[in-house]
Novice: 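The structure's right below; bear with me while I get my questions together.
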Amino acid sequence: MYVGIDVGTSMVKAAAFDDTGRELAVSSRPVDLRLHGGFVEQDMEEVYGAVVAVLDEVTGRVPEPVELAGLTGQGDGVWLVDAEGRPVRAAASWMDGRAHELVDRWLADGTFETVFRRTGSAMFPGCPGPLLAWLDGSEPKALDAAKAALYCKDMVFQRLTGAGPTTDVSDASMPFLDPRTRTYDNRVVELLRLTHRRGLLAPVSDPVATAEARGEGLPSGTRIANGPYDLPACALGAGVTNPGDGLLIVGTCLASLVATTELDLTGEPAGLYISTDRPGYWLRAMPAMVGTAALDWVLSTTGVRHDEVDGLLAETPPGANGVRVLPYFAPSGERAPFVEPRLRAELTGVSLESTRGDLVRATCEGIGYAARHCLEAAGLDGNLAVCGGGTRSPAWMRLLADVLGRPLRVVEGEVGARGAVLAAAERYGVPLDARVWTRPTQVVEPDRGRAAYYTKGYEEHLVRLAGARARARTSTTRD
């Protein structure tokens, strides 16, 4: 069997597959996010313990030899470790907002744009550049004690294998990697005033690093590959490899990816170019900060259960009876397809007559509009696949198809873990049929009439968003 490990933001999963890509077993375990005053942190030991636990469960349920394992996980953030891969402090999540003032300053003085023009990476508060700069100013002793500033999957890889600290070109893409040379751009390090911390950046393994497991979670000697991180892993697992084709991941983060062979560093700085194991081939990524997390907040606030969502969507008309939601709930603002660290969510059109269904549908529609904005900015002109936790709601998938105005190739199951296995197989020269592994579960077609309605709604969304962005900038100026 083949094992894929996906170390997500709120859930750690392991999945076992046979050689045709059929899922044999899946194990998952939630992990905590600690939110306080704009800080969003995770306990590395809890995360690693969850990885070992799900691997023990999966390998115990499927008593077959493990041919190889692929590892993926959440990107960005800062995971400071010592020489053994043990935590120096809590991991700062990609959702962290503590460095927003640095990003504001770099937006104002041109540093932000300069970095984008060099690397194709539009920095946001939760990416390594701002976080490392913040830590250097506020917690220098933590950086002094660290051997490396890793990404999530890299920490897990080091602990599972005993290999030295390493990352890959996909994770390194934000914000230090030059996408043309596939090496760190030292000028960017200098611009962020981190030259004296340059040694903390993990060596980039190109292609992804491989090693053998030491026996925790996986049998000793199991071959394992480190990467790519979850966004490009999902693209592989969904079969998005042809230029122009795209993927929408409806998960905690709402991520839009489009495959491309063109590197265009002009235009509004936003998103990033994710380098892949194929030189000259990138994923133009517009990963918005909040996806299902926005809906989860509305559900918890209104007391709606997840199993009620489809019914509420079915009984509430398009337009949600005038309720509108700008779904920018992240404490660090938004990062794609624009960067506004101070942007916050807005609910309008709410009255005493508004229902729970109105709020739920308006939130789903707002997320759909945000996805359309990201996909257009990323250059989608081919087929669109969709995956993530949101695909479990048939009604939401129909709504998304209508809002986006195009068919959705729905790929269910553990798509990130699947992509991690395919990447590992490519690295080890194991012949797996990617077309069979990535077949869609279903194709959801849009309704022509509703699609026309939502095209107008999308235009109105952009107008409301422009006003919200202007207000966010005004608040920055006042501060």
Side-chain angles (χ1 to χ4, degrees), residues 6 21 70 72 75 116 119-122 168-174 177-180 182 206-208 227-251 253-267 270-288 291 335-337 371-388 391 400 404-411 415-427 432-441 443:
D6 188 351
T72 188
F116 179 82
T119 69
S121 297
D168 77 305
V169 291
S170 70
D171 250 336
S173 294
M174 173 65 84
L177 193 79
D178 184 327
R180 293 150 295 212
R182 301 165 70 85
D206 185 16
V208 296
Y229 82 97
D230 58 1
L231 299 189
C234 283
L236 285 174
V240 177
T241 55
N242 294 325
D245 287 352
L247 172 66
L248 176 64
I249 306 172
V250 188
C253 159
L254 183 71
S256 302
L257 310 170
V258 175
T260 184
T261 55
E262 298 180 4
L263 192 64
D264 182 3
L265 304 184
T266 63
L272 74 154
Y273 280 89
I274 302 175
S275 295
T276 73
D277 265 7
R278 296 164 57 188
Y281 175 93
W282 298 272
L283 291 168
R284 183 68 172 111
M286 293 289 177
R335 60 176 174 174
R372 182 165 177 169
H373 196 182
C374 288
L375 288 165
E376 288 185 357
L380 176 69
D381 60 12
N383 296 320
L384 178 63
V386 61
C387 68
T391 63
L400 267 181
L404 298 175
R406 59 174 61 242
L408 305 181
R409 295 176 61 255
V410 179
V411 185
V415 182
R418 188 183 302 273
V421 170
L422 289 172
E426 176 71 20
R427 185 72 175 89
L432 296 178
D433 190 336
R435 289 175 300 178
V436 173
W437 274 63
T438 61
R439 282 182 299 209
T441 310
V443 177

Novice: Who are the side-chain hydrogen bond (donor to acceptor under 3.5 Å, both in side chains) partners of D206, not counting sequence neighbours?
Specialist: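 With sequence neighbours excluded, D206 shows a side-chain hydrogen bond (donor to acceptor under 3.5 Å, both in side chains) to R182, given in chain and number order.
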
Novice: Looking only at heavy atoms, what is the nearest atom pair of L257 and A285, with distance?
Specialist: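 The pair with the smallest heavy-atom distance is CD2-CB, 3.4 Å.
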
Novice: side-chain contact (heavy atoms from CB on, under 4.5 Å) between L380 and R406: does it pass, once the steps are laid out?
Specialist: CA-CA 11 Å; L380 176 69; R406 59 174 61 242; 3.5 Å; yes

Novice: So P440 and V410, do their side chains get closer than 4.5 Å, heavy atoms only?
Specialist: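 No, too far: nothing below the 4.5 Å cut-off.
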
Novice: Name all pairs fulfilling the salt bridge (charged side-chain N to carboxylate O under 4.0 Å, His left out) condition that reach into residues 372-385, sequence neighbours left out, sorted by first residue then second.
Specialist: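 Non-adjacent pairs meeting salt bridge (charged side-chain N to carboxylate O under 4.0 Å, His left out): R372-E376.
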
Novice: Nearest 0.5 Å, please: how far is CH2 in W282 from CD1 in I274?
Specialist: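 Answer rounded to 0.5 Å: 13.0 Å.
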
Novice: If I take atom CZ from residue R418 and atom CG from residue L432, how far apart are they, to the nearest 0.5 angstrom?
Specialist: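 R418 CZ to L432 CG: 11.0 Å, rounded to 0.5 Å.
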
Novice: Ignoring hydrogens and geometry, is there a side-chain-to-backbone donor-acceptor pair from S121 to S173 under 3.5 Å?
Specialist: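 Indeed, once roles are kept as given, a pair shorter than 3.5 Å links the two residues.
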
Novice: Which pair of non-hydrogen atoms, one from V415 and one from C387, has the smallest distance, and what is that distance?
Specialist: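 V415 and C387 have their closest heavy atoms at CG2-CB, 3.7 Å.
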
Novice: Is any side-chain heavy atom of T391 less than 4.5 Å from a side-chain heavy atom of V250?
Specialist: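 No - every pair of side-chain heavy atoms lies 4.5 Å or more apart.
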
Novice: Tell me, please, which residues at least two apart from P243 pass side-chain contact (heavy atoms from CB on, under 4.5 Å).
Specialist: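 Checked P243 against side-chain contact (heavy atoms from CB on, under 4.5 Å); matches are T261.
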
Novice: Once side-chain contact (heavy atoms from CB on, under 4.5 Å) is applied, do any residues pair with A270, and if so which ones, sequence neighbours excluded?
Specialist: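 With neighbours one apart ignored, the set is M286.
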
Novice: Looking at every non-hydrogen atom in both residues, tell me the closest pair between L265 and F116 and how far apart they are.
Specialist: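 Nearest pair, atom of L265 first, then F116: O-CE2, 3.6 Å.
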
Novice: Could I get the full list of salt bridge (Lys or Arg N to Asp or Glu O under 4.0 Å) partners for D168, not counting sequence neighbours?
Specialist: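 Here the qualifying residues are K153.
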
Novice: For T266, what residues pass the side-chain hydrogen bond (donor to acceptor under 3.5 Å, both in side chains) criterion, not counting sequence neighbours?
Specialist: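 Result, side-chain hydrogen bond (donor to acceptor under 3.5 Å, both in side chains) vs T266: D264.
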
Novice: Taking only residues two or more places apart in sequence, or in another chain, which ones meet R278 in a side-chain hydrogen bond (donor to acceptor under 3.5 Å, both in side chains)?
Specialist: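 With neighbours one apart ignored, the set is empty.
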
Novice: The criterion is side-chain contact (heavy atoms from CB on, under 4.5 Å); which residues satisfy it with A255, sequence neighbours excluded?
Specialist: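 Testing A255 for side-chain contact (heavy atoms from CB on, under 4.5 Å), a comparison that skips the adjacent residues, returns L231, I249, C253, P287.
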
Novice: R439: which residues meet the salt bridge (Lys or Arg N to Asp or Glu O under 4.0 Å) condition with it, sequence neighbours left out?
Specialist: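 None.
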
Novice: Go through it in stages, so that I can follow the logic: the residues are L254 and C374, the test is side-chain contact (heavy atoms from CB on, under 4.5 Å), and I'd like the CA-CA distance, side-chain angles, deciding distance and then a yes or no.
Specialist: CA-CA 9 Å; L254 183 71; C374 288; 5.7 Å; no

Novice: Might you point out which heavy atoms bring V169 and T276 nearest each other, and give the distance in Å?
Specialist: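 Smallest heavy-atom distance, with atoms named: CG2-O, 3.6 Å.
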
Novice: Identify the residue among P232, S256, C234 that makes a side-chain contact (heavy atoms from CB on, under 4.5 Å) with L283.
Specialist: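 Among the candidates, only P232 passes.
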
Novice: Does R284 use its side chain to pair, donor to acceptor, with the backbone of L272 at less than 3.5 Å?
Specialist: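 Checked: pair present.
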
Novice: Taking all heavy atoms of L263 and all of P179, pick out the closest pair and write down the distance.
Specialist: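 That closest heavy-atom pairing would be CD2-CG, 3.7 Å.
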
Novice: Among all residues two or more places apart in sequence or in another chain, which pass the salt bridge (Lys or Arg N to Asp or Glu O under 4.0 Å) test with D245?
Specialist: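 Salt bridge (Lys or Arg N to Asp or Glu O under 4.0 Å) check on D245 returns nothing, list empty.
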
Novice: With sequence neighbours excluded, what pairs up with D178 under the side-chain hydrogen bond (donor to acceptor under 3.5 Å, both in side chains) test?
Specialist: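 R180.
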
Novice: Of the non-hydrogen atoms in A238 and R409, which two are nearest, and what is the gap between them?
Specialist: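 Closest pair (atom of A238, atom of R409, distance): O-NH1, 3.5 Å.
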
Novice: Given side-chain contact (heavy atoms from CB on, under 4.5 Å), test L375 with L384 step by step and report yes or no.
Specialist: CA-CA 9 Å; L375 288 165; L384 178 63; 3.9 Å; yes

Novice: What distance do N242 atom CG and N383 atom CG have between them, rounded to the nearest 0.5 Å?
Specialist: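 Taking CG in N242 and CG in N383, the distance rounds to 8.5 Å.
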
Novice: Checking Y281 side chain against T241 main chain: does a donor-acceptor pair fall under 3.5 Å?
Specialist: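 Yes.
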
Novice: Check the pair L247, V411 against side-chain contact (heavy atoms from CB on, under 4.5 Å), reporting the backbone distance first and the verdict last.
Specialist: CA-CA 10 Å; L247 172 66; V411 185; over 6 Å; no

Novice: According to side-chain contact (heavy atoms from CB on, under 4.5 Å), who are the partners of A233, at least two apart in sequence or on a separate chain?
Specialist: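 T72, P228.
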
